[in-house]
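For reference, the structure discussed in these notes is given below.
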Amino acid sequence: MSSHTASTSSPVSPSTTADERLIATSVLVIGTGGAGLRAAIELAEQGVQVLAVGKRRAHDAHTSLAAGGINAALGTIDPEDSWQQHAADTLRESYFLAREADGRLSQRFFGAHTYRRTCYAGDYTGLEIQRTLMRRAAELGVPVIDTVYITRLLVADGTIFGAYGFDVVTGQGVQIHADAVILAAGGHTRIWRVTSSRRDENTGDSFRLAALAGARIRDAELVQFHPSDLLEPDDAAGTLVSEAARGEGGVLRNAEGERFMERYDPERMELSTRDRVALANHTEIAEGRGTANGGVHLDVSHLPREQILAKLPRVYRTLIDLQMLDITTTPIEIAPTAHYSMGGVWVRPEDHGTGVEGLFAIGEASSGLPGANRLGGNSLIELLVYGRITGQVAAAFAAGRTSVRRDPEAVAEARAEQAALLTGDGMEVPRRLQREVRDLMTAHAGVVRDDSGLRKGLEKLALLEERATRVTAHPDVAGFDDLVHAFDLRGSLLAARATLECALERRETRGCHNRSDFPDQDPALRGSMVWTPRTGVEFEPVGPAPDSFRDLAAEHLDDTPRGKLVE
């Protein structure tokens, strides 16, 4: 029978052995970042039993790295703004693949915004959101286990019945029975060498979990490269310099001192869309106008020191800590970095259902809303909005289940997969192969791609996939990190294949996907590349927008320059 209950107390554990722990809950949330916590909060507020699990400490989830702000068309600074204009900006910048002191809430410009609608807490916005969500979850008594790595979703007859994983500290197997599962385990940008993600996050876990459960992956090739990451020191390469730096008036210059955005977007300059600024940076570097380290300069030193310390405290502190560089006097050396997965698990726009009954995906794990380029500041509002909506839908789904069939073979397969990695005699090391995946993706699926490079990437990937069959995990007294790395590798390999195959099929340039051999948009490809391990890539056209949305947004979809520099 269904295990749902009208209690938010800790999930019951019917049995625990030395090898495996069994947990039952009504709704399982996988991922303890902003999206997962917001969904868990909604479920708890509705009186539904919920459990949130994650593989890294919740207080340090990837959401905490989001710096610049969260979008809301409140009109507190620019009264002309509206939700229709926000929707129009989002749709336009997706390349049509998306479906102060006086007491006012302050808002700033981000790239491609018509008005100032990005709310912020200095440049610690994501951290403040994560802290707020954690406090509310604690108030509601939401149980959070942030030492569980989920390796398989459990499905019977096309319907979810739970998940399987292990405790990353003890290695104990964890079997979780649930009437519904919300997948909020992030994207796949860690499969590039230079990335704003840390080494144990965004490794493609969501792609693999969903795909093996029978869901589809959409637009894996649409990866946003943020224009500005640090190049030095080596162990901090990829650390993000928030878009807030450009929003506050920062300018970009090449090694010759030229403010080069005049060449790429003379109207919006540094507040152009992220894909255009990243491509501009890449082009300047590739054509020999970059720095000796292979970067360009982002300069905020012309701004008042007080403004920098008040509006960009995180950027200021980060550069002092990492480079002993004072951004109030000295430009920052930057280059593009893999930053955000626009693609992800295919979901329905109205409820983020995946097509697998009882399985939902939200946050960066899902696809569809950003299209071919994400409007800066949209990700944080997306996770809050869809965390709430999907929590409501999952609660209704779980409450409506009157019986649940659990397939012992699905559990046995998940259990055997872990055991094989721990008892094998292969000599391959997961971390080493993970590095080779990142090198491969950087070389063949970076900011600019072409047919030849993508095919070479697939050839190299096939060799890595074969070598990965000989990976053995070696836990030690410190824990089961090696087993974590082995599963991270499996997620990365699947995500890399989906990305390369989808990129090869999208024979056009659209948004963040730049093909040097197909430099223009192809109207026939205005749609999504949908991928599964079994069928490969299939093209799915974008349907027409609802009449209600078209009518409300039409007047806002013009060619007016978006965004202005703050004087």
Problem set entry | Donor-acceptor contact below 3.5 Å, side chain Thr189 vs main chain Ser341 | no
Exercise. Can you tell if the side chain of Ile23 reaches within under 4.5 Å of the side chain of Leu51, non-hydrogen atoms only?
Worked result: yes
For this session: Kindly indicate whether the side chain of Leu422, heavy atoms from C-beta on, has any atom under 4.5 Å from the side chain of Leu483.
Result: yes
Exercise. How about Trp531 and Glu538: do any of their side-chain heavy atoms sit closer than 4.5 Å?
Worked result: no
Problem set entry | Arg190 side-chain N/O to Glu201 backbone N/O, donor-acceptor pair under 3.5 Å | no
Exercise. What closest approach, in Å, do Ala237 and Asp229 show between heavy atoms, and which atom pair accounts for it?
Worked result: C-OD2, 4.2 Å
Exercise. Would a distance-only check, ignoring hydrogens and angles, find a side-chain to backbone donor-acceptor pair under 3.5 Å from Thr239 to Ala236?
Worked result: yes
Problem set entry | Distance (rounded to the nearest 0.5 Å) between Ser206 OG and Ile217 CD1 | 8.5 Å
Exercise. Taking atom CD1 of Ile182 and atom OG1 of Thr354, what is their separation to the nearest 0.5 Å?
Worked result: 11.5 Å
Problem set entry | Non-hydrogen atoms of Ser197 and Asn202 that approach each other most closely | OG-ND2, 2.8 Å
Problem set entry | Ser366 side chain vs Gly363 backbone, donor-acceptor pair below 3.5 Å | yes
Problem set entry | Nearest non-hydrogen partners of Ala184 and Ala365, listed with the distance | CA-CB, 4.5 Å
Exercise. Does the side chain of Tyr164 reach to within under 4.5 Å of the side chain of Leu154, using non-hydrogen atoms?
Worked result: yes
Exercise. Looking at Glu221, Arg506, Arg449, which hits side-chain hydrogen bond (donor to acceptor under 3.5 Å, both in side chains) with His513?
Worked result: Arg449
For this session: Answer yes if the ring centres of Phe207 and His188 are under 6.0 angstrom apart, and no otherwise.
Result: yes
Exercise. Taking the side chain from Gln418 and the backbone from Gly165, do they hold a donor-acceptor pair closer than 3.5 Å?
Worked result: yes
Problem set entry | Heavy atoms of other groups near Arg136 CZ, more than 12 under 6.0 Å | yes
Exercise. Pick from Val50, Thr32, Val29: which one makes a side-chain contact (heavy atoms from CB on, under 4.5 Å) with Val142?
Worked result: Val50
For this session: State the OG1-CZ distance between Thr203 and Phe487, to the nearest 0.5 angstrom.
Result: 12.0 Å
For this session: For Asp146 and Gly54, indicate whether the former's side chain and the latter's backbone hold a donor-acceptor pair under 3.5 Å.
Result: no
Problem set entry | Value rounded to 0.5 Å, distance of CD in Gln434 from CG in Asp439 | 11.0 Å
For this session: Answer yes or no: is there a donor N or O on one side and an acceptor on the other, between the side chain of Arg218 and the main chain of Val347, under 3.5 Å?
Result: yes
Seminar exercise, completed: d(Leu153 CG, Leu209 CG) to nearest 0.5 Å is 4.5 Å
Exercise. Counting only heavy atoms not in Glu139, do more than 12 sit closer than 6.0 Å to its CD atom?
Worked result: yes
Exercise. Does the side chain of Arg152 reach to within under 4.5 Å of the side chain of Leu212, using non-hydrogen atoms?
Worked result: yes
Exercise. Taking atom types as modelled and ignoring hydrogens, do the side chains of Ser196 and His339 form a donor-acceptor contact shorter than 3.5 angstrom?
Worked result: yes
Problem set entry | Pair Asp157-Thr159, side-chain donor/acceptor within less than 3.5 Å | no
Exercise. Can you find a side-chain donor-acceptor pair between Asp219 and Ser367 that sits under 3.5 Å?
Worked result: no
For this session: Output yes when a side-chain donor or acceptor of Asn373 lies under 3.5 Å from a complementary backbone atom of Gly511, and no otherwise.
Result: no
Seminar exercise, completed: Of all heavy-atom pairs linking Trp192 and Ala445, the shortest is NE1-O, 2.9 Å
For this session: Establish, for the pair Arg216 and Trp346, whether the NZ or CZ atom is under 6.0 angstrom from the six-membered ring centre and no further than 45 degrees off its axis.
Result: yes
For this session: Evaluate the salt bridge (charged side-chain N to carboxylate O under 4.0 Å, His left out) criterion for residues Glu243 and Arg274: first the C-alpha distance (whole Å), next the side-chain angles of each, then the deciding distance (0.1 Å), finally the verdict.
Result: CA-CA 9 Å; Glu243 187 168 330; Arg274 285 182 176 179; 2.3 Å; yes
For this session: State the CZ-CD1 distance between Arg388 and Ile41, to the nearest 0.5 angstrom.
Result: 12.0 Å
Exercise. Do Glu501 and Arg497 have side-chain heavy atoms sitting under 4.5 Å apart?
Worked result: yes
Exercise. Between Arg21 and Gln172, do the side chains contain an N or O donor and an N or O acceptor separated by less than 3.5 Å?
Worked result: no
For this session: Could you walk me through whether Leu461 and Leu500 pass side-chain contact (heavy atoms from CB on, under 4.5 Å), step by step?
Result: CA-CA 9 Å; Leu461 182 63; Leu500 290 168; 4.0 Å; yes
For this session: Scan side-chain atoms only and decide if Gln175 and Glu20 contain a donor-acceptor pair under the 3.5 Å cut-off.
Result: yes
For this session: Could you check if a side-chain atom of Val241 sits within less than 4.5 angstrom of a side-chain atom of Leu230, using non-hydrogen atoms only?
Result: yes
Exercise. Between Phe480 and Thr170, which heavy-atom pair has the shortest distance, and what is it?
Worked result: CE1-O, 3.0 Å
For this session: Tell me, with the steps shown, if Phe225 and Tyr340 meet side-chain contact (heavy atoms from CB on, under 4.5 Å).
Result: CA-CA 7 Å; Phe225 285 79; Tyr340 191 88; over 6 Å; no
Exercise. Can you tell me if CZ on Arg534 sees more than 12 non-hydrogen neighbours from other groups inside 6.0 Å?
Worked result: no
For this session: Mind jotting down which residue pairs meet the salt bridge (charged side-chain N to carboxylate O under 4.0 Å, His left out) criterion with at least one end in residues 487-496? Sequence neighbours excluded, please.
Result: Lys55-Asp488, Glu417-Arg490
Problem set entry | Check: Val174 and Ile176 side chains under 4.5 Å, non-hydrogen atoms | yes
For this session: Keeping the roles fixed (side chain from Thr337, backbone from Thr195), state whether a donor-acceptor pair exists under 3.5 Å.
Result: yes
Exercise. Is there a side-chain contact (heavy atoms from CB on, under 4.5 Å) between Phe360 and Val393 once you walk through the steps?
Worked result: CA-CA 9 Å; Phe360 306 86; Val393 175; 3.5 Å; yes
For this session: Over all heavy atoms of both residues, which pair between Ala215 and Val356 is shortest? Give the atoms and the distance, please.
Result: N-CG2, 3.7 Å
Problem set entry | Within 6.0 angstrom of Arg348 CZ, more than 12 heavy atoms from elsewhere | yes
For this session: Could you please spell out the steps behind the side-chain contact (heavy atoms from CB on, under 4.5 Å) verdict for Val148 and Phe166?
Result: CA-CA 6 Å; Val148 170; Phe166 64 94; over 6 Å; no
